[in-house]
Amino acid sequence: MTEQDLISTVIRPEIRALTAYKVADATGYIKLDAMENPYTWPEAVKAEWLNIIHDAEINRYPDPEAKALCRILKEYNQIPAESEILLGNGSDEIIQLLLMALPANATVMAAEPSFVMYQQVAQCLGLNYQGLPLLADSFDIDLAVTLATIKSQQPEIIFLAYPNNPTGNLFDSDAIEKIIQQSKGLVIIDEAYAPFTDFSFIKQLTRHNNLLVMRTVSKLGLAGLRLGFIAGKASIINELNKARLPYNINILTQCSAEFALSHPDIFAEQTQTICHERARMFLQLSTITGMTPCPSAANFILFRTPKGKATDIFNALKDQGILIKNLSSQQGLLTDCLRVTIGKPEENNAFINALKECI
Ligand code: PMP
């Protein structure tokens, strides 16, 4: 049997048809491509953290329910007492878990453009995927079309990133509310960028049976730990928990996240600086001829470049040592668009100066 025959026999066609999610090699670049927090911790805090790691019992399995961490996460994120949470190895894993729990042939919907993993995982699992196109001028929800699509196709699950990635905007909250009310399936509000906005659906959790809110610690400054959670009605979280692997949150993640979240001031200061820089970057980008930045409530800015120039600009920035994200190849509303993550002031200045050099 040839390798190709073997692959055709043992790998499902929908997986063979996929392209793997590629992450660019950032070695040596100013890294403004992945919505990470650019700041680390003061040395004294790092030393305290190392003491905790020192005592972690890595010869034992971790707490399968990560009870202490759940308690801290609920408090830090002001989750209503009657809601339950489930943890994932990054919110990516929670997306996979949610979709694995759906019936065969279920329909998954997500705003488009949005985070690519919703569609990627849906296709990987052989589910039906239907994009909900956003309005071209504002990147907001096209409510009439969206409600009609939901009514005709009755999706089991809808993902709405709030703020949205890669556009950075917050969708109209009344539109989201109507989608939650009219949907007979689950509605997942993905609040990955919550640290950079005051808007949230967490308070609405108690009002809707089909609403779940997902968050991550990645953008807060703990991307390397791989930890996300989803909150919702206890009965739904209990069902999802059956599909979760017992030790999905390792002991180093558990103790490190518990420690980190007990230092909220550090994160508050860092995210505030990032939000300041976001405002400054937006203004600077607006003054560069041909660049149109989109207002952002997240830690990145999407900007439109002159027609047909996105890839040239992306490559020219790379040549100057700056890595951002080229979204133009996704086409549709993202044609000519690039996305830059907000870094440290000096990194942002280097990006702006390099961009000016490109035109
Ligand atoms: N949701 C959104 C909207 C994202 O942009 C991302 C990462 N870019 C994630 C979820 C996944 O985050 P993580 O797996 O790091 O928790």
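On a predicted model such as this, the values are computed, not experimentally measured, just so you know. Counting starts at 1 for both ligands and their atoms, following the listed order. Only this structure's heavy atoms are used, side chains among them; waters, hydrogens and symmetry mates stay out.
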* Structure fact -> Ranking Tyr162, Phe159, Tyr193 by closest non-hydrogen atom to atom 5 (O) of ligand 1, top hit is Tyr193
* Asked: Nearest to atom 7 (C) of ligand 1, what protein heavy atom do you find, and at what distance?
  -> Lys219 NZ, 3.1 Å
* Relative to the ring of Phe115, is the ring of Tyr118 parallel (under 30°), tilted (30 to 60°) or perpendicular (over 60°)? -> perpendicular
* To do: List the closest protein heavy-atom neighbour of atom 12 (O) of ligand 1: residue, atom name, distance to the nearest 0.1 Å.
  => Ser91 OG, 3.2 Å
* Name the orientation class of the two ring planes belonging to Phe267 and Trp41 (parallel below 30°, tilted from 30 to 60°, perpendicular beyond 60°). => perpendicular
* Taking Asp140 for the side chain and Phe171 for the main chain, is one N or O donor matched with an acceptor at less than 3.5 Å? -> no
* Asked: Nearest protein heavy-atom contact for atom 9 (C) of ligand 1: which residue, which atom, what distance?
  -> Phe115 CE2, 3.3 Å
* Protein contact of atom 14 (O) of ligand 1 - nearest heavy atom, named by residue and atom, plus distance -> Arg226 NH2, 2.8 Å
* Name the orientation class of the two ring planes belonging to Phe351 and Phe303 (parallel below 30°, tilted from 30 to 60°, perpendicular beyond 60°). => perpendicular
* Relative to atom 15 (O) of ligand 1, which among Gly90, Ser218, Gly88 owns the nearest non-hydrogen atom? -> Ser218
* To do: Could you tell me the residue and atom name of the protein heavy atom closest to atom 1 (N) of ligand 1, and the distance to it rounded to 0.1 Å?
  => Asp190 OD2, 2.5 Å
* **Pair Thr253-Asn250, side-chain donor/acceptor within less than 3.5 Å** => yes
* With a 4.5 Å limit on heavy-atom distance, are the side chains of Thr341 and Asp33 in contact? -> no
